[in-house]
Amino acid sequence: MTAAGTGPESTRILRAMKMSNDASSGVATTDARVAVIGLGYVGLPLAVDLAESGREVLGIDASDDRLASIRAGRSYIDDVSDERLAAALGSGSLRAHSPSDQREHATAVFICVPTPVTASREPDLGPIRAAAEGVRRTLRPGDLVVLQSTTYPGTTMGPLRELLEADGLVAGRDFDLAFSPERVSPGEGRPSSSIPRLVGGISPEATRRAADLLRPISPSVTELSSPDAAELAKLFENVFRNVNIALVNELALICERLGLDVWEVIGGASTKPFGFMPFYPGPGVGGHCIPVDPYYLAARAREVGFHERFIETAGDINSRMPEHVIGLVTAALNARGKAVRGATVLVIGVAFKPDVSDDRNSPARPIIAGLLGAGAEVSYHDPRLPRFSLADEHDAGPAPELASVDLAGALAAGPDCVVIVTPHGGLDWDGVFSSADLVVDTRNASAGHALRPGQVLRLGGGWS
Ligand SMILES: NC(=O)c1ccc[n+]([C@@H]2O[C@H](COP(=O)([O-])OP(=O)(O)OC[C@H]3O[C@@H](n4cnc5c(N)ncnc54)[C@H](O)[C@@H]3O)[C@@H](O)[C@H]2O)c1
C-alpha cells in the first residue's frame, strides 16, 4: 500500500537513512538497537527473545516496581525464567529504563503497552497514546515503529500515526510504521519463540523490515498487506475464542437441564477429525485479552455503522457464568440442608487460568464477592497468588483483599463447600477429593478421581 509522501525518491532516501543508521552503529545488521516499550506479558518475552537473537535491546517501562524487579534479575512473567533474564542483562544486550531516563536512541521501537477498555467497555487508547508521545520525542528519520498491543483496525494508521507525525516526520516517507500482533498464551508451556507471527506495514518495505526483526525469534512470519489487516486478524482470533467459549458455556447450561455431561459430549464431538475444535466451559473468561479485545472490534464496527451481535451475546453469556457458579454453590449447600449465609467456602485457584499468576478480570473475583455478599465465609488457596484483591480495574475505592490460606490446613478445617475455579497443576488434588465433603467443580478437575456419590457437583455435569 502507498502512504502519503511515498514514492521512488522518498523510498530511496529512507533506505539511505537506514543504511547510515547501520553504519553509525557499526553493526552490519539493520536495526541493531531495538527498544521495547512496556515490559509485561508481551513485552518482556519479546525483549529477551530479541536480546537473545543478537539485538541490543532497550526495555522501557513506566512501572518502577517492574524495573526494580528486572534490574534485580527477577522475572515476574512466568514464561521468562530468571536465568534468561539474568543472562540478557549480564551480557549487556538488555537494559531497562523508565520512559523519562531513556537517553539512547534505537532505530526500531516495539510498543507493547496495555489496551484496556473503560468501565463502559469502550477502547482506552491512553497507554498507546502515552507511549507514542515518548516515541515521537526520540523519533528520527529512518526509524521503524511497530505496534504490538492488540487493538482495533485503524489504530496504527490512525491515532498512532497522527501522534508520531505531530513534529513533522511523515510515516512511510520519513519513518516506517507497522503492526505485528502478539499471540503469546502464558502458562501453556509455549515459548513466545515457538509462535508464528503476522506483520502488516504501511509499505511493503516497512513490512519486510519488521518481519526481518521478528523472523529470528519466530518459527514463521506471515506478511499481510496492511496494519489494519494484521490488527483485525488478531482481534478475530480472540473474538473466535470468546464466541466459542460462550457457545460451550451455553451447552453446559443445556446439559445441566438435560441431565447430560457436557464434558463427555465435548469428548465425543472431539473425535471428529475435521471441522470441529473443542472448547471447554468454565466459571467465566478472564485475563487481559478474551474479555476485553472483542469490545475493540465492536466499537470499531459501530463507527462504520455495523452493530456486532456475536460479541455482545458472547460477552453476556460469559459474564454471567460467575453468577451461575454461585447458583451451583447455593444448590450444593442446599442439598446438605445448608444456607450460603454462614457457610464456610474454600475457593481453589483465583488466577484467571491454570498455571499463571495473572488475576486480571479473573472470574474468581465476582464469585468470591458474590458469596461474601450472600453472607458466606470465604477463603481461598492459590499457590501463585499469595494475595487477591476484590477490586477490579475500574473500582475507584478500596476493596477487601484476601490472603491465600494453606490448602491442607483449610481442608482439615472441614469447609462446608470447596469451589474449584482454577485447577493449577501441582496441587494435591487427591487430598482435595479424599477430604472435601462437598465440592463444586467448574473445570472438570475431578475427572479421574475416586469420588463419593453426592460429593461433587460439576458445572455442566451434575452430581458424582
Ligand atoms: N497477556 C497476554 O497474554 C497477551 C497476549 C497477546 C496480546 N496481548 C496484548 O499485548 C498488550 C500488552 O499486554 P500485556 O499483557 O503485556 O500487558 P501488561 O500490563 O502485562 O504489560 C504492559 C506494561 O506496559 C507498561 N506501560 C504502560 N504504559 C506505558 C508507557 N506509556 N510507557 C512505558 N511502559 C508503559 C506497564 O507498566 C506494564 O508493565 C495488550 O494490548 C494485550 O491485549 C496480551
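Indexing begins at 1, ligand by ligand and atom by atom, following the structure's order.
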Atoms of ligand 1 under 4.0 Å from any heavy atom of C112, numbered from 1 in the order shown, are 12 (C), 22 (C)
Can you confirm whether more than 12 heavy atoms, excluding those of R33, are under 6.0 Å from its CZ atom? yes
With backbone taken as N, CA, C and O and side chain as the heavy atoms from C-beta onward, which portion of P186 lies under 4.0 Å from ligand 1: side chain, backbone, both, or neither? side chain
Counting only heavy atoms, which portion of I37 has something under 4.0 Å from ligand 1: side chain, backbone, both, or neither? side chain
Would you call D61 and R66 a salt bridge, taking side-chain N to carboxylate O under 4.0 Å as the test? no
Protein residue, atom and distance nearest to atom 5 (C) of ligand 1, heavy-atom basis: V184 O, 3.5 Å
What about E182: any of its N or O atoms under 3.5 Å from an N or O on ligand 1? no
Report, in ascending order of atom number, the atoms of ligand 1 lying under 4.0 Å from any heavy atom of A130. 31 (N)
Does any N or O of ligand 1 fall below 3.5 Å from an N or O anywhere on R183, backbone included? no
What is the nearest protein non-hydrogen atom to atom 41 (O) of ligand 1, stated with its residue, atom name and distance? T115 OG1, 2.5 Å
Which pair of heavy atoms, one from P294 and one from N242, lies closest together, and at what distance? CG-ND2, 3.6 Å
Would you indicate which of V42, I60, V36 comes nearest to atom 8 (N) of ligand 1 when only heavy atoms are counted? V42
Flag, side chain of T442 to backbone of I420, donor-acceptor distance under 3.5 Å: yes
Test item: Y295 and E122 side chains (from C-beta on) under 4.5 Å apart, heavy atoms: no
Of all the non-hydrogen atoms in the protein, which one sits nearest to atom 26 (N) of ligand 1, and at what distance? V113 CG1, 4.0 Å
Mark up the atoms of ligand 1 that fall under 4.0 Å of a heavy atom belonging to A131, in ascending order. 31 (N)
Please check if the side chain of R121 supplies one atom and the backbone of T118 the other of a donor-acceptor pair under 3.5 Å. no
Give me the nearest non-hydrogen protein atom to atom 34 (N) of ligand 1 as residue plus atom name, then the distance to 0.1 Å. A62 N, 3.1 Å
On a heavy-atom basis, the closest approach of D78 and V356 is OD2-CA, 3.4 Å
Exercise: identify the closest heavy-atom pair between R136 and A166: CD-CB, 3.6 Å
So for ligand 1, is D61 a polar contact partner (N or O within less than 3.5 Å, distance only)? yes
For ligand 1, which atoms sit closer than 4.0 Å to a heavy atom of S63? 37 (O)
With a cutoff of 4.0 Å, is R360 in contact with ligand 1, counting heavy atoms of the residue only? yes
List the closest protein heavy-atom neighbour of atom 1 (N) of ligand 1: residue, atom name, distance to the nearest 0.1 Å. Y41 CB, 3.4 Å
Whether D212 and R215 form a salt bridge (side-chain N of Lys/Arg under 4.0 Å from carboxylate O of Asp/Glu) is what I want to check. yes
Does ligand 1 come near enough to K234 that some N or O of the ligand is less than 3.5 Å from an N or O of the residue? no
Nearest non-hydrogen protein atom to atom 27 (C) of ligand 1, with distance, is P114 CD, 3.6 Å
Which residue holds the protein heavy atom closest to atom 9 (C) of ligand 1, what is that atom called, and what is the gap in Å? T150 OG1, 3.4 Å
Under the ring-ring contact (aromatic ring centres under 6.0 Å, His included) criterion, do Y76 and Y41 qualify, and how do the steps go? CA-CA 9 Å; Y76 41 79; Y41 288 87; 8.0 Å; no
Is a donor from one side chain sitting under 3.5 angstrom from an acceptor on the other, for D441 and S446? yes
Can you check which of G38, C289, G134 brings a heavy atom nearest to atom 24 (O) of ligand 1? G38
Residue part near ligand 1, for S185, under 4.0 Å between non-hydrogen atoms: neither
Should the pair Y280 and W263 be assigned to parallel (<30°), tilted (30 to 60°) or perpendicular (>60°) ring geometry? parallel
Which heavy atom of the protein is the closest neighbour of atom 21 (O) of ligand 1, given with residue, atom name and distance? G40 CA, 3.2 Å
Please name the pair of heavy atoms, one in G168 and one in R173, separated by the smallest distance, quoted to 0.1 Å. O-NH2, 4.1 Å
